[in-house]
Amino acid sequence: MKERKTVKEVSIIGGADGPTSIFLVGKRKKLSLSNQIRMACYKRKKRRIEKKIRINPHTLEEVVIYMKNKYSAREISKKSYNYQEQYRCLRESLIVQHKPELLGEFLEVKKPKVYNEISLKKFWNRIEQRRKKAESISEKEFPMDFHIYKIKSAKLGEIHIGIDLIWGVLDCSYSGDQKKMKQLKQIVKDIVRYYGVTEEDKKNHSKRYESLVTTLCN
């Protein structure tokens with residue numbers, strides 16, 4: 001029997017929303033009773049976790065050393081397809097968040113008011129134009145120091161950790177046998193917990209703080 005594998009995207013800390021928009025066509029349905037119960041349980045769990053969070057921040061450089069020592073993390077080549085694809089997507093996302101003026105007229109991508117073949121084609125063309133504009137922005141105008149580290153286990157699967165040292169991004173994703181996902185999740189939680197939060201993060205509920213809470217809740 002072939003094992004089923006799953007990919008899980010865990011969190012982005014200090015990052016932005018993705019460069020593309022994902023939307024659904026149709027009316028939003030009312031939550032079922034089971035989903036309402038699940039939501040209420042999640043909120044209670046979140047409150048418990050927030051009370052337990054302690055101020056113990058580490059830098060991303062320290063996180064890299066921690067991952068290497070504890071989990072034998074290794075950096076993947078910047079020439080690899082995986083690196084290039086993630087770098088491109090993250091760079092566009094960060095430009096939108098931190099330096100939107102660099103995109104000029106290509107910044108705004110409006111969702112179509114009417115969903116049909118023509119409107120959707122225009123929408124995706126606009127996204128493609130913004131992608132090309134972002135790629136044309138020089139490293140001098142928008143510098144990054146992006147790295148991807150991989151934790152690989154023959155028994156569990158793989159964890160990829162994307163880190164940008166300039167923009168404060170910590171992005172974790174993992175894949176493997178569904179039965180082993182819980183163990184992979186615990187490793188990711190440990191890494192994110194080690195990164196931690198500052199007093200200011202906790203006070204202002206920064207993206208770093210919210211990402212920590214969300215990761216520990218899942």
Within a 6.0 Å radius of atom NZ on Lys122, are there more than 12 heavy atoms belonging to other residues, nucleotides or ligands?
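It does not: Lys122 NZ has 12 such atoms or fewer within range.
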
Hey, does the side chain of [X] reach the backbone of [Y] with a donor-acceptor pair shorter than 3.5 angstrom?
{"X": "Lys45", "Y": "Ala40", "value": "no"}
{"X": "Thr214", "Y": "Ser211", "value": "no"}
{"X": "Trp167", "Y": "Phe146", "value": "no"}
{"X": "Glu141", "Y": "Ser138", "value": "yes"}
{"X": "Ser119", "Y": "Val114", "value": "yes"}
{"X": "Asp190", "Y": "Gln186", "value": "no"}
{"X": "Asp164", "Y": "Ile166", "value": "yes"}
{"X": "Lys189", "Y": "Asn218", "value": "yes"}
{"X": "Arg208", "Y": "Gly196", "value": "yes"}
{"X": "Arg74", "Y": "Lys150", "value": "no"}

Supply the atom-to-atom distance [X] [atom1] to [Y] [atom2], rounded to the nearest 0.5 angstrom.
{"X": "Glu108", "Y": "Glu105", "atom1": "CD", "atom2": "CD", "answer": "11.5 Å"}
{"X": "Cys172", "Y": "Ile187", "atom1": "SG", "atom2": "CD1", "answer": "11.0 Å"}
{"X": "Asn116", "Y": "Lys121", "atom1": "CG", "atom2": "NZ", "answer": "12.0 Å"}
{"X": "Cys89", "Y": "Gln86", "atom1": "SG", "atom2": "CD", "answer": "8.0 Å"}
{"X": "Ser175", "Y": "Leu156", "atom1": "OG", "atom2": "CG", "answer": "11.0 Å"}
{"X": "Ser153", "Y": "Ile159", "atom1": "OG", "atom2": "CD1", "answer": "8.5 Å"}

Co-membership, hydrophobic cluster, residues Leu60 and Ile65, 4.5 Å side-chain:
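No; tracing contacts between hydrophobic side chains, which count when under 4.5 Å, never links both residues.
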
Compare every heavy atom of [Y] with every heavy atom of [X], then report the nearest pair and how far apart it is.
{"X": "Tyr83", "Y": "Ser77", "answer": "CB-O, 3.4 Å"}
{"X": "Pro100", "Y": "Leu107", "answer": "CB-CD2, 3.7 Å"}
{"X": "Glu210", "Y": "Lys46", "answer": "OE1-NZ, 3.8 Å"}
{"X": "Pro112", "Y": "Leu120", "answer": "CG-CD2, 4.2 Å"}

Less than 4.0 Å between a side-chain N and a carboxylate O, is that true for [Y] and [X]?
{"X": "Glu199", "Y": "Lys202", "value": "no"}
{"X": "Glu200", "Y": "Lys203", "value": "no"}
{"X": "Lys207", "Y": "Asp201", "value": "no"}

Between Arg131 and Glu128, does the salt bridge (Lys or Arg N to Asp or Glu O under 4.0 Å) criterion hold? Intermediate values first, please.
CA-CA 5 Å; Arg131 182 188 67 80; Glu128 181 64 14; 2.3 Å; yes

Does any part of the side chain of [Y], heavy atoms only, come nearer than 4.5 Å to the side chain of [X], both counted from C-beta?
{"X": "Ile191", "Y": "Lys70", "value": "no"}
{"X": "Met144", "Y": "Phe142", "value": "yes"}
{"X": "Val64", "Y": "Ile163", "value": "yes"}
{"X": "Tyr195", "Y": "Leu212", "value": "no"}
{"X": "Tyr174", "Y": "Glu158", "value": "no"}
{"X": "Glu75", "Y": "Lys68", "value": "no"}
{"X": "Ile151", "Y": "Ile161", "value": "yes"}
{"X": "Ile55", "Y": "Val197", "value": "yes"}

What about the rings of His58 and Tyr194, do their centers lie closer together than 6.0 Å?
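Here the rings of Tyr194 and His58 have centres that are less than 6.0 Å from each other.
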
Sequence-distant partners of Phe106, ring pair (Phe, Tyr, Trp, His ring centres under 6.0 Å), two or more places apart:
none

Mind telling me whether Tyr209 and His205 have parallel, tilted or perpendicular rings, with 30° and 60° as the class edges?
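Ring orientation, 0 to 90° scale: tilted.
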
I'd like to know whether Lys185 forms a side chain to side chain contact (heavy atoms under 4.5 Å, CB included) with Val188, so could you lay out the CA-CA distance, the side-chain angles of the two residues, the decisive distance to 0.1 Å, and finally the verdict.
CA-CA 5 Å; Lys185 186 189 295 185; Val188 169; 5.7 Å; no

Kindly indicate, with the supporting measurements, whether the criterion side chain to side chain contact (heavy atoms under 4.5 Å, CB included) is fulfilled by Tyr149 and Ile76.
CA-CA 6 Å; Tyr149 297 88; Ile76 72 170; over 6 Å; no

Worked verdict on Ile53 versus Val213 for side chain to side chain contact (heavy atoms under 4.5 Å, CB included)
CA-CA 8 Å; Ile53 289 178; Val213 172; 3.5 Å; yes

As a test of understanding, state which of Gln97, His98, Arg91, Glu92 forms a side-chain contact (heavy atoms from CB on, under 4.5 Å) with Ile95.
Arg91

Side-chain donor-acceptor pair under 3.5 Å between His160 and Asn82, yes or no?
yes

Checking Gln129 against Lys132 for the side chain to side chain contact (heavy atoms under 4.5 Å, CB included) test, could you report, in this order, the C-alpha distance in whole Å, the side-chain angles of both residues, the deciding distance, and whether it holds?
CA-CA 5 Å; Gln129 287 176 327; Lys132 289 180 179 178; 5.9 Å; no

